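The structure appears right after this line, and notes come after that.
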Amino acid sequence: QVQLVESGGGSVQAGGSLTLSCAASVSTYGYCMAWFRRAPGKEREGVAFIYTNYFTSYADSVKGRFTISRDNSKNTLTLQMNTLKPEDTGVYYCAARVSTCGGLRPVNYGYWGQGTQVTVSS
């Protein structure tokens with residue numbers, strides 16, 4: 001079992017930055033790790049995934065603004081969010097898949113954190 005715990009959420013004005021972190025209870029080497037978010041009234045959507053630091057993918061809405069990275073020695077996943085917009089508001093979830101990355105469909109990920117709230121005001 002993999003337990004995931006997110007941290008780093010908060011409130012920020014548009015144009016600001018936040019860094020989210022996700023700590024895993026066991027080694028996630030070889031796992032695909034991802035960030036998802038759920039905006040108010042909307043379905044959960046994929047933000048970015050990472051298999052190695054050279055194999056990443058981003059949703060079009062965050063390309064050029066968000067950076068996903070991982071530190072396998074510390075079992076941590078990070079999402080650096082810059083130039084934040086009000087539409088980035090939502091609960092952000094860390095997720096893990098025991099395999100190579102297969103895209104950003106929530107159904108492909110078997111382990112989830114509880115989420116951390118990000119609020120961007122205009």
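The structure displayed is predicted, hence computed values, not measured ones.
- By the rule that hydrophobic residues join a cluster once side-chain heavy atoms approach within less than 4.5 Å of another member, Leu77 and Val98 end up as members of one cluster.
- Under 4.0 Å is where a charged nitrogen must lie from a carboxylate oxygen, and between Asp60 and Lys63 at least one such pair does.
- Taking CE of Met33 as the reference point, atom CG of Asn75 lies at 9.0 Å (rounded to 0.5 Å).
- Without hydrogens or angle criteria, Glu6 side chain to Gln114 main chain gives a donor-acceptor distance under 3.5 Å.
- Between Ile68 and the choices Val47, Val62, Ile50, Leu20, the side chain to side chain contact (heavy atoms under 4.5 Å, CB included) rule is met once, by Ile50.
- The environment of Gln117 atom CD is dense: over 12 non-hydrogen atoms of other residues, nucleotides or ligands sit within 6.0 angstrom.
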- Message: I'd like to know whether Arg65 forms a side-chain contact (heavy atoms from CB on, under 4.5 Å) with Met81, so could you lay out the CA-CA distance, the side-chain angles of the two residues, the decisive distance to 0.1 Å, and finally the verdict.
- Response: CA-CA 6 Å; Arg65 300 188 298 121; Met81 306 186 294; over 6 Å; no

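- Contact between Ala14 and Pro86 at its shortest, heavy atoms only, is CB-CD, 4.1 Å.
- With rounding to the nearest 0.5 angstrom, the CG atom of Leu18 is 9.0 Å from the OG1 atom of Thr116.
- For CD of Gln80, the number of neighbouring non-hydrogen atoms (other residues, nucleotides, ligands) closer than 6.0 Å is greater than 12.
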- Can Leu104 and Tyr58 be said to form a side-chain contact (heavy atoms from CB on, under 4.5 Å), step by step? CA-CA 9 Å; Leu104 283 170; Tyr58 296 88; over 6 Å; no

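- Put simply, Val91 and Val12 are part of two different groups of oily side chains (I, L, V, M, F, W, Y) that touch within less than 4.5 Å, one to the next.
- The hydrophobic clustering, which links ILVMFWY residues whose side-chain heavy atoms are closer than 4.5 Å, places Tyr51 and Tyr111 apart.
- The shortest side-chain heavy-atom distance between Arg44 and Trp112 falls under the 4.5 Å cut-off.
- Listed by chain and number, the residues in a side-chain hydrogen bond (donor to acceptor under 3.5 Å, both in side chains) with Ser99 amount to none (sequence neighbours excluded).
- The shortest non-hydrogen separation linking Tyr109 to Gly103 is OH-O, 2.7 Å.
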What pairs of donor and acceptor atoms, side-chain ones from residues 22-32 against any protein atom, are under 3.5 angstrom apart with sequence neighbours left out?
unit_1, atom_1, unit_2, atom_2, d
Ser25, OG, Gln3, N, 2.9
Ser27, OG, Tyr29, N, 3.3

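- The line from OG of Ser122 to CD of Gln13 is 9.0 Å long, rounded to the nearest 0.5 Å.
- Among residues at least two apart or in separate chains, there is no ring-ring contact (aromatic ring centres under 6.0 Å, His included) pair with a member in residues 65-104.
- Put simply, the side chain of Arg37 reaches to within 4.5 Å of the side chain of Ser61, judged on heavy atoms.
- Nearest approach of Asp88 to Thr83, heavy atoms of both residues: OD2-O, 4.4 Å.
- No chain of hydrophobic side-chain contacts below 4.5 Å, direct or via other Ile, Leu, Val, Met, Phe, Trp or Tyr residues, connects Val2 to Phe49.
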